[in-house]
Amino acid sequence: MTSFGLRSSSSEEFQSFLTMFRNRSIEAPSDSLLSRKSEYLHLPLLCHEQARRVYYGSVFGTKKGNSGLGTRVPSHVASPGFLPSQPPEARDSAVFFVLLGFAIFVAHFSRSPDVLLKPQFWAEDGKVFYQEAHELGFLHSVLIPYSGYLHLFPRLIAGLSLLLPLSFVPLFFNLAALVVQCLPAIYICTPRMENLGPFRVRLLLAFLCFGLPGVHEVWGNLTNSQWQIAVLSFLILIASPPQSRLGAWFDRVALSIGALTGPYCLLLLPTAVLVAINRRSSRTTRQLAILGVGTLAQTISLLIGGRPHLGKLGASFPLFCKLVVIRVFVPVLPASIRVVKFLHLPVDSWLFSCCVLIAVLAVTAWIFRNGNLEMRCGLLFAAIVLAASLASPLVVPGGEQWPTMMLLGLGERYWFIPRLMIAVAVLWIAAQPISKWARAAGVATMLAILISSAIHWHIVRMPGMHFDTYVHVFNALPVGAQLRIPINPPPWTLLLTKKPNDRTSHDPGFLDGEVVGLNDWRNRFQGASPEGSSASLTGEVITVNGTSVGLFGMATDFVHIPVRDGALLEGWATLRGQAEFRPMDEMFAITSDHVVKGHKLPIPGFYRKQKLENAMYLVFLPSIVLHPGLQEVSIMGYSRSDKTLYSYERHFYIYGN
């Protein structure tokens, strides 16, 4: 074995030390060996892994007695900067990490291809970040707090998106969010995270970052990418020092952006303090300073802007037990709820949830006591995130927040980091040779988590909102005109004002919906009688090309529209029954010689103070069905239950220019 410049006597002493260490004859390096650590600048290739575990420690140790998570090492020994850099290996090359990053990106894409193939705005992506950047300008909007905090990263992306046509903005947003989602998984696989364990273990940790079930709310949208940035910031805090200027600058920039994106710098501050006290290096001091500045900025923003209050918490100890067990523990392993029901355990009982919570907390406390710095920091960070999420959640306006968070699909973002840490804790138990039974239980649970991840791999996207149609209409609007665009999740909308520098285009051949001849349409509904009922539709046309059409939605005068660009009609229609309103199954707009099929929008309408579900519709009349001059348009709805066509009492007129 080649020693690469190591003196023979020192090499023999080091080999003897490693032999005793592997045989558990000693528990830590001798002082004489540590005093001559400068002699081991060039370690044999075959000894490097053992030497790394001696000096670094490993979260997921594989031998009892090594510097794994269950064995504490003196701080001067376990310091990440103590051991010289690892000799170059195939998996440390730039080409390897480019290929690994591409594979992780493909895995992300495979969970929800619609993120890139059918991109659309999500909630604050459009309503807040893009709308404010478009209406107020980038420099003005970047300093505006939202929900009491600064959000630098989505503001930066929104500012860059102003250089693109509106039709490409959702794709740009989703692509940026997907790249950010990949970063924690890629970062874990780098040699800088070797203190977490060997590469195969870190590869499994990387998979857990994006493979767990129940992550649809934080998936592929810019709004919730802040949770992924928080995970990346945490990894930067516990990572070993970078060996290049590029790595050092990446840490500083990423940590700075994370400190000014959401409240996570406040939540990461205890972790940064704990790391700085244990490692005592200039790097950890700089990281603590970055988070300190971010905490100051976010605190000032919170004091000035204030945190919106959506309602009462509705907190109670029984609900706390059920909330943590059902919304945090169970989704990590969805099959567990079936096992509980099969055994006829009282899953809905708060006493049962309390017992489960106590058991999990006991295991967590034991892991915290026996774990090393990295594992303790992870548990501390997850606990702080969970506490902050329960103390100040923003789920739905009005009502009580905790009972609402019990509902499936609401507030999933708040559980992402605690669920991830639970999966990491299971992996830790599976990797520790504490007892055969504990390790077997950990391995079985981790296999069940992986199987559940495979079963729930595909993430179902929200329904399409015909964004392309609205973009077509917006491009054709005159400067100063406004257009309200529905986005996911309903009933979110985006209000844009046409600017002089916005793109203006005309596409006479643009279609959205089925266009048939009037005679063909009559033959199709030959069995349905338009006069079969004296009842008429309750509803109205709300806007035409984004402009309100007058009182009650039906224009008292005709509405001018450009024939070459078409007309976008938005409205709502229901049939008023004796007990409730009944929405139509299909909607149609009828001109003199054509019929255009409309689309149902998943946005609730309102009749006086009553909320109407599934009542909104959208009909785009292309230029081929319009002509210059006055033209009558009839809106009709079809009910499959009674096979009858219904129409508005009043007619609607447009004037083509």
Side-chain angles (χ1 to χ4, degrees), residues 21 27-41 43 48 51-61 66-86 187-188 190-197 230-256 258-259 264-296 367-384:
F21 189 81
E27 295 185 355
S30 62
D31 293 337
S32 61
L33 186 62
L34 292 175
S35 64
R36 297 197 301 275
K37 59 180 179 292
S38 60
E39 299 179 3
Y40 302 100
L41 293 178
L43 299 177
H48 177 77
R52 183 197 63 75
R53 291 182 181 177
V54 170
Y55 288 107
Y56 275 72
S58 172
V59 172
F60 299 94
N66 73 354
S67 303
L69 193 65
T71 307
R72 299 198 191 118
V73 198
S75 59
H76 64 283
V77 178
S79 172
F82 190 88
L83 191 67
S85 59
Q86 182 177 353
Y187 199 89
I188 287 176
T190 62
R192 295 184 55 196
M193 299 304 297
E194 284 187 337
N195 51 345
L196 297 183
V231 174
L232 178 63
S233 299
F234 170 77
L235 294 175
I236 291 174
L237 290 178
I238 66 172
S240 60
Q243 301 298 322
S244 65
R245 291 184 178 180
L246 180 62
W249 277 107
F250 175 84
D251 284 3
R252 294 168 189 169
V253 172
L255 197 60
S256 299
Y264 305 100
C265 57
L266 289 80
L267 310 182
L268 283 167
L269 201 59
T271 299
V273 171
L274 187 59
V275 172
I277 292 175
N278 279 268
R279 293 184 177 174
R280 298 180 183 180
S281 64
S282 59
R283 174 175 174 268
T284 58
T285 304
R286 285 193 299 268
Q287 291 176 343
L288 186 60
I290 291 174
L291 291 181
V293 172
T295 300
L296 179 62
I367 295 175
F368 187 88
R369 179 180 178 276
N370 291 277
N372 70 351
L373 177 64
E374 291 80 8
M375 195 66 184
R376 290 179 177 180
C377 288
L379 294 173
L380 176 64
F381 179 49
I384 294 175

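Residues: numbered from 1 along the sequence shown.
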Rounded to the nearest 0.5 Å, what's the gap from CD on Glu194 to CD1 on Ile188? Could you check?
14.0 Å
Under the ring pair (Phe, Tyr, Trp, His ring centres under 6.0 Å) rule, what pairs show up with a residue in residues 264-284, not counting sequence neighbours?
Trp227-Tyr264
How many angstroms lie between CG in Leu266 and CG in Leu296, if you round to the nearest 0.5 Å?
10.0 Å
What are the two closest heavy atoms between Arg279 and Glu374, and how far apart are they?
NH2-OE2, 2.9 Å
Using the side-chain hydrogen bond (donor to acceptor under 3.5 Å, both in side chains) criterion, which residues pair with Ser281? Sequence neighbours excluded.
Thr284
Rounded to the nearest 0.5 Å, what's the gap from CG on Leu269 to CG on Leu274? Could you check?
11.5 Å
Stepwise side-chain contact (heavy atoms from CB on, under 4.5 Å) test for Met193 and Ile238:
CA-CA 8 Å; Met193 299 304 297; Ile238 66 172; 3.9 Å; yes
Considering all heavy atoms, the nearest Leu268-Ala230 contact
CD1-O, 4.1 Å
With Val293 via side-chain contact (heavy atoms from CB on, under 4.5 Å) - residues at least two apart:
none
Tell me which pairs pass salt bridge (Lys or Arg N to Asp or Glu O under 4.0 Å) where either residue lies in residues 237-251, with sequence neighbours left out.
Arg192-Asp251, Asp251-Arg283
Rounding to 0.5 Å, atoms CG (Leu196) and OG (Ser240) come to a distance of 9.5 Å
Here the pair of heavy atoms bringing Leu373 nearest to Asn278 is CD1-ND2, 3.7 Å
So which atom in Cys265 and which in Ala259 form the shortest heavy-atom distance, rounded to 0.1 Å?
SG-O, 3.3 Å
For Ala289, the side-chain contact (heavy atoms from CB on, under 4.5 Å) test, sequence neighbours excluded, returns none
Does any N or O in the side chain of Arg280 come within less than 3.5 Å of the main-chain N or O of Ile277, such that one atom is a donor and the other an acceptor?
yes
For Leu255, all residues meeting side-chain contact (heavy atoms from CB on, under 4.5 Å), sequence neighbours excluded
Ser233, Leu237, Gln287, Ile290, Leu291
